[in-house]
Protein chains: 2
Amino acid sequence: MAKFLHPSLDDICLTEILSALSDPVRIRILKTMLDAQGCCSCTQAAPCPKIAKSTLSNHFRILREAGLIKTTKVGVENRSVVREQEINQKFPGLLKTILKFAD
Amino acid sequence: MAKFLHPSLDDICLTEILSALSDPVRIRILKTMLDAQGCCSCTQAAPCPKIAKSTLSNHFRILREAGLIKTTKVGVENRSVVREQEINQKFPGLLKTILKFAD
DNA sequence: TATTGTAGTACAGAATTATTGAACTATTGA
DNA sequence: TCAATAGTTCAATAATTCTGTACTACAATA
């Protein structure tokens with residue numbers, strides 16, 4: 001059974017956040033999740049159907065390990081939310097500023 | 001003779017900027033250059049002496065190709081400046097917000 | 001309780017990217 | 001002209017990323 005490791009606020013670092021957001025697929029995923037105003041399954045937040053699901057899974061892992069999203073298993077799905085408030089607490093304005101210029 | 005290719009403002013894109021800044025070495029270089037309030041040679045802006053000069057050269061190339069710095073050859077040195085105004089024109093507040101949280 | 005379908009993870013090999021040392025170019029100064 | 005300095009380019013190696021296959025976990029249905 002997969003256990004999701006979410007870093008604590010203290011362990012979230014700028015470099016990993018930028019690294020996670022430096023991929024167009026992942027920034028699109030994050031934007032989709034924020035627009036959805038709540039939880040998203042991996043497939044819902046996927047930017048295109050072409051992408052291999054193992055690759056998609058990996059992108060979610062990177063977002064999770066960077067501390068950008070929180071994932072919980074609900075039935076057969078993994079539902080994720082952006083850890084918006086926590087990120088804003090540690091890096092005020094960062095997410096908003098970056099995502100403003102995405103796409 | 002090395003010719004430095006600097007992208008035009010139109011060609012600068014968010015993803016490449018984030019990608020360039022997602023490396024702790026490069027973000028340190030950028031911060032050093034901004035603190036120096038002007039041009040810096042590669043060795044001046046280098047974050048540590050241990051790093052191989054070919055690696056350092058590569059980091060500068062990535063910063064340059066992302067549109068973050070402008071490099072000109074002055075005598076034996078390459079002197080670089082952050083393209084602060086141009087970046088601010090295209091992505092207002094981005095650089096400042098990101099660098100505020102660096103280190 | 002099997003069986004089938006759905007959602008996603010784990011792993012291993014292929015493809016891509018980063019790092020480094022060595023050789024090179026360009027400029028300066030003795 | 002010769003040596004020193006500053007950086008680039010190249011090729012080899014090291015490290016990452018991407019993807020297909022096999023797998024687990026849960027749900028629904030017979």
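Letters go in sequence order (proteins before strands), and every chain restarts at 1. Predicted model only: the values in this text are computed from it and were never measured.
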Does a side-chain N or O from B:R64 land closer than 4.0 Å to OP1 or OP2 of D:dG7, or not?
no

inquiry  = The test is side chain to side chain contact (heavy atoms under 4.5 Å, CB included); show your working for B:I17 and B:L68 and say whether it passes.
reply    = CA-CA 7 Å; B:I17 286 185; B:L68 283 165; 4.2 Å; yes

How many whole angstroms separate atom [atom1] of [X] from atom [atom2] of [N]?
| X | N | atom1 | atom2 | answer |
| --- | --- | --- | --- | --- |
| A:L63 | D:dT17 | CG | C1' | 15 Å |
| B:D23 | D:dA15 | CG | P | 16 Å |
| A:I62 | C:dG8 | CD1 | P | 17 Å |
| B:R79 | C:dT28 | CZ | P | 13 Å |
| B:K73 | D:dA6 | NZ | P | 12 Å |
| B:E77 | D:dG7 | CD | C1' | 10 Å |
| A:F4 | C:dA7 | CZ | C1' | 10 Å |
| A:Q44 | C:dA7 | CD | P | 10 Å |

Without swapping roles, check the side chain of B:T32 against the backbone of B:R28 for a donor-acceptor pair under 3.5 Å. yes

Item to complete: Please test A:I29 against A:F60 for side chain to side chain contact (heavy atoms under 4.5 Å, CB included), starting from the C-alpha separation and ending with a verdict.
Response: CA-CA 9 Å; A:I29 289 173; A:F60 274 89; 3.8 Å; yes

Rounded to the nearest 0.5 angstrom, the CG-CD distance for A:D11 and A:E16 is 9.5 Å

Inset, instruction - Would you kindly confirm whether B:L30 and B:V81 end up in one hydrophobic cluster when ILVMFWY residues are joined by side chain heavy atoms under 4.5 Å apart? - result: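 No, separate clusters.
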
What do you reckon, is NZ of B:K96 surrounded by more than 12 foreign heavy atoms closer than 6.0 Å? no

Practice item. Would you check, one step at a time, whether the test salt bridge (Lys or Arg N to Asp or Glu O under 4.0 Å) holds for A:E65 with A:R61? Key: CA-CA 6 Å; A:E65 287 179 2; A:R61 186 183 55 75; 3.0 Å; yes

Could you work out which one of C:dG8, C:dA7, C:dT19 sits closest to the side chain of A:C42?
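It is C:dG8.
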
Quiz item: Which is it for A:L18 and A:I98 under the side chain to side chain contact (heavy atoms under 4.5 Å, CB included) test, yes or no, and what are the steps along the way?
Solution: CA-CA 9 Å; A:L18 295 181; A:I98 291 177; 3.9 Å; yes

*asked:* What's the angle between the local helix axes at either end of the helix from C:dT1-D:dA30 to C:dA30-D:dT1, using five pairs per end and rounding to 10 degrees?
replied: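 About 10° separates the two local helix axes.
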
Scanning both residues in full, the closest heavy-atom pair of A:I62 with A:R26 reads CD1-NH1, 3.4 Å

What residues 51-61 of chain B contributes to the DNA chain D interface at heavy-atom separation below 4.0 Å is B:K53, B:S54, B:S57

